[in-house]
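The structure appears below as structure tokens.
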Amino acid sequence: QVQLVESGGGLVQAGGSLRLSCAASGRTFSTLAMAWFRQFPGKEREFVATISGSGVLTRYADSLKGRFTISRDNAQNTVYLRMNSLRPEDTAVYSCAASNYFGTKTAATAVGYSYWGQGTQVTVSS
């Protein structure tokens with residue numbers, strides 16, 4: 001079983017930056033593909049980014065390329081999401097997720113991930 005705990009959310013002004021962290025335990029971290037999703041009130045989870053176990057391969061939602069960066073530190077069992085130039089419409093609950101596979105057809109969908117964190121709220125004020 002994999003446990004995921006996010007941190008780093010909070011309130012930020014538009015144009016600002018935040019870095020989210022997700023600490024993993026329960027499995028060898030480098031064997032897991034990791035991802036970030038976000039969820040707006042009343043909506044389904046939305047894919048943000050995913051990263052392979054080695055950290056070499058990444059994939060982003062087209063609309064977020066250039067502003068968001070996913071990275072990982074396998075020595076620290078942690079995956080990060082750096083968010084720049086934040087906008088009020090980025091306000092959401094951000095969750096990390098883990099999968100045994102990277103790059104599958106379901107990598108950009110919630111069904112592709114077996115393990116989830118509890119989420120962290122990000123609020124961007126205008």
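- Two residues are said to be in side-chain contact when any heavy atoms from C-beta on lie closer than 4.5 Å; Arg82 and Ser17 meet this criterion.
- Although no hydrogens or angles enter the test, the distance criterion places no donor-acceptor pair under 3.5 Å between the side chain of Glu46 and the main chain of Gln39.
- A donor-acceptor distance shorter than 3.5 angstrom exists from the side chain of Arg67 to the backbone of Ser85, with no hydrogens or angles considered.
- Grouped by direct or indirect side-chain proximity (heavy atoms under 4.5 Å, Ile/Leu/Val/Met/Phe/Trp/Tyr only), Leu11 sits alone.
- Open room surrounds CD on Gln13; 12 or fewer heavy atoms of other groups in view lie less than 6.0 Å from it.
- The disulfide (SG to SG under 2.5 Å) analysis of residues 84-126, with sequence neighbours excluded, yields the pairs Cys22-Cys96.
- Rounding to the nearest 0.5 angstrom, the gap separating the CZ atom in Arg59 from the NZ atom in Lys65 is 9.0 Å.
- With values rounded to the nearest 0.5 angstrom, Asn84 atom CG is found 10.5 Å from Asp90 atom CG.
- Between the side chains of Ser25 and Gln3, at least one donor N or O sits under 3.5 Å from an acceptor N or O.
- Not a single donor-acceptor pair under 3.5 Å links the side chain of Ser99 to the backbone N or O of Tyr113.
- In this structure, Ala14 and Ser126 approach most closely via the heavy-atom pair CB-CA, 4.3 Å.
- Here the closest non-hydrogen pair linking Ser95 and Trp116 is CB-CE3, 4.1 Å.
- Heavy-atom contacts from other residues, nucleotides or ligands closer than 6.0 Å to CZ of Phe40 number more than 12.
- Using a 4.5 Å cut-off between side-chain heavy atoms of Ile, Leu, Val, Met, Phe, Trp and Tyr, Trp36 falls into a hydrophobic cluster with Val2, Leu4, Val12, Leu18, Leu20, Phe29, Leu32, Met34, Val48, Ile51, Tyr60, Leu64, Phe68, Ile70, Val79, Leu81, Met83, Leu86, Tyr94, Tyr115, Val122, Val124.
- The closest donor-acceptor contact from the side chain of Ser52 to the backbone of Leu57 lies under 3.5 Å.
- In summary, the side chains of Asp73 and Thr78 do not present any donor paired with an acceptor at a separation below 3.5 Å, with no hydrogens or angles considered.
- Connection of Phe102 to Val56 is established within a shared hydrophobic cluster, with ILVMFWY side chains joined at heavy-atom distances below 4.5 Å, either directly or through further cluster members.
- No hydrogens or angles considered: nothing links the side chains of Asn77 and Arg72 as a donor-acceptor pair under 3.5 Å.
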